2 protein chains.
Amino acid sequence: MSGRLYALGTGPGASDLITVRAARLLGQLDVLFAPAGRKGGDSLALSIVREYLGAHTEIRCCHFPMSADSAEKQQAWDTVCAQITEQVQAGKQVGFITLGDAMLFSTWVFLLARLGNPPWLEIVPGVTSFAAIAARSAMPLCMEQQSMAVVACTAGDEAIVRALRDNECVVLMKVYGRFAAIKARLRELGLLEHALMMSEATLPGEQCWRDLASLADDTPLAYFSTIVVNKSWSAAQ
Amino acid sequence: MSGRLYALGTGPGASDLITVRAARLLGQLDVLFAPAGRKGGDSLALSIVREYLGAHTEIRCCHFPMSADSAEKQQAWDTVCAQITEQVQAGKQVGFITLGDAMLFSTWVFLLARLGNPPWLEIVPGVTSFAAIAARSAMPLCMEQQSMAVVACTAGDEAIVRALRDNECVVLMKVYGRFAAIKARLRELGLLEHALMMSEATLPGEQCWRDLASLADDTPLAYFSTIVVNKSWSAAQ
């Protein structure tokens, strides 16, 4: 059996929101690389997949520093890239997990940029956090001629206002630490009643706020908090 | 056992890209409502889920007219909504399938708008077509401070140009019949080398074009053809 690398999107949080394909592949892995270090997000990815792993699968947690020192980060990725390539060349079935979808706001892409697209690589897509939020809240994303923008709240004020102005549906990721500013923008644009916020969608700690106008600016938020805006839908239920 | 309705995203096409949760729920259904009529897309949804259905599951294909006669369409949705509600009230486990994710460019939302968000409804998210295209082509979507827009090519020229100008990553859905016009816009904006097109991602007929500049304007395309643009990535591999 020749070596393979599977980059696996784990889905948003609940273990059974992973794909059937990813679940099956996890059971065949010799080695699983699991990123660690980002405020609980990565250990979450490992907890999602644990029940699908084979008894013999070796788990290697790899740490990627959040430091601003770019050289240190580059080196951490280079090291993991070399380790993975070595395992594949030794004929191993290797996995790398990533929360949500593998190709959207995913650290996996730092590895992909180093690996290129070798024939021994398979990327398995996953359910995104915003699809899970839409499902759990019963607030749809966009339809027919509408458009959707997905923006990180770290993108800056101008990009956020533009996205809110130009699209029927907007997903604002990484609200953590920026709720007051985003709320002010939503109010100015008359969008508060079309916006809801969800934390830890599909996990036991899931919370949904449908009345952002009444929510205190300093409400403590979980790290995985996202706002979804749909101009043709009311957030109240 | 009290009646339940499950709105199930089937994922992009390959049967094993459905979620573990949706696969399990499909095996417990008394009745499955499967929309039919949109150029092969809906029979595709049914073909994806067939292997997971229980032996006793009754399949009801429901036809939604594409006619411009809005009253006729409204009535078709009202009728299916009434049928589903009746089945749930009779204590049945009822499913409604939708290609890709349940809440993004999905006809299911016409039913949701009629049903509201009753306690007997569960929506199960699915992998979107663009996540599948990114995975299959190894071209990522957006990262970190970048933004992504998802636009239907039916949205009109202005919306498409704005999306291409303002976002690092753009997904252009429903290219069918509009390739020449989109290609001209991509050329004007200097984006042709950052764009790839995929048809029928994850299905046996999957095709990927990485050199859109050389692709004839009148190339015959499958109905499910999508262009993905990533300004920080090259489409060539």
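Everything numeric in this text was worked out from a predicted model, so none of it was measured. A note on names: the letters A, B, ... follow the listed sequences, proteins ahead of strands, and every chain is numbered from 1.
Separating the CG atom in A/Leu141 from the CZ atom in B/Phe105 is a distance of 9.5 Å, to the nearest 0.5 Å.
Between B/Pro125 and A/Ala135, the shortest heavy-atom distance links the atoms CD-CB, 3.8 Å. Here the shortest heavy-atom pairing between A/Met103 and B/Met139 reads CE-C, 3.5 Å. Between A/Leu112 and B/Pro140, the closest heavy-atom pair is CD2-CD, 4.2 Å.
Only the side chain of B/Ala23 comes within less than 4.5 Å of a heavy atom in chain A; its backbone stays farther off. B/Ala102 does not touch chain A: none of its heavy atoms, backbone or side chain, sits under 4.5 Å away. If you measure heavy-atom distances from A/Ala134 to chain B, the contacts under 4.5 Å come from both the backbone and the side chain. Contact of A/Met173 with chain B is not made at all, since no heavy-atom distance falls under 4.5 Å. Contact annotation for A/Ala113: both backbone and side-chain heavy atoms come within less than 4.5 Å of a heavy atom of chain B.
Put simply, the side chain of A/Cys142 does not reach to within 4.5 Å of the side chain of B/Val150, judged on heavy atoms.
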Candidate polar pairs, chain A side and chain B side, donor-acceptor under 3.5 Å:
| unit_1 | atom_1 | unit_2 | atom_2 | d |
| --- | --- | --- | --- | --- |
| A/Asp16 | O | B/Val20 | N | 3.4 |
| A/Asp16 | O | B/Arg21 | N | 2.7 |
| A/Asp16 | OD1 | B/Arg21 | NE | 3.1 |
| A/Asp16 | OD1 | B/Arg21 | NH2 | 2.9 |
| A/Asp16 | OD2 | B/Arg21 | NE | 3.1 |
| A/Ile18 | O | B/Val20 | N | 2.9 |
| A/Val20 | N | B/Asp16 | O | 3.4 |
| A/Val20 | N | B/Ile18 | O | 2.9 |
| A/Arg21 | N | B/Asp16 | O | 2.7 |
| A/Arg21 | NE | B/Asp16 | OD1 | 3.1 |
| A/Arg21 | NE | B/Asp16 | OD2 | 3.1 |
| A/Arg21 | NH2 | B/Asp16 | OD1 | 2.9 |
| A/Met103 | O | B/Leu141 | N | 2.9 |
| A/Phe105 | N | B/Cys142 | O | 2.7 |
| A/Leu141 | N | B/Met103 | O | 2.9 |
| A/Cys142 | O | B/Phe105 | N | 2.7 |
| A/Gln145 | OE1 | B/Thr154 | OG1 | 2.9 |
| A/Met148 | N | B/Val150 | O | 3.0 |
| A/Met148 | O | B/Val150 | N | 2.7 |
| A/Val150 | N | B/Met148 | O | 2.7 |
| A/Val150 | O | B/Met148 | N | 3.0 |
| A/Thr154 | OG1 | B/Gln145 | OE1 | 2.9 |

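Partner B/Leu17 forms a side-chain contact (heavy atoms from CB on, under 4.5 Å) with one of A/Val127, A/Val124, A/Val20 and no other, that one being A/Val124.
Highest contact tally toward chain A, considering only B/Ala138, B/Ala152, B/Gly9, B/Ala155, is held by B/Ala138 [criterion: heavy-atom pairs under 4.5 Å]. Here A/Ala131 is the residue among A/Ala149, A/Ala131, A/Gly156, A/Gly116 with the most heavy-atom pairs under 4.5 Å with chain B.
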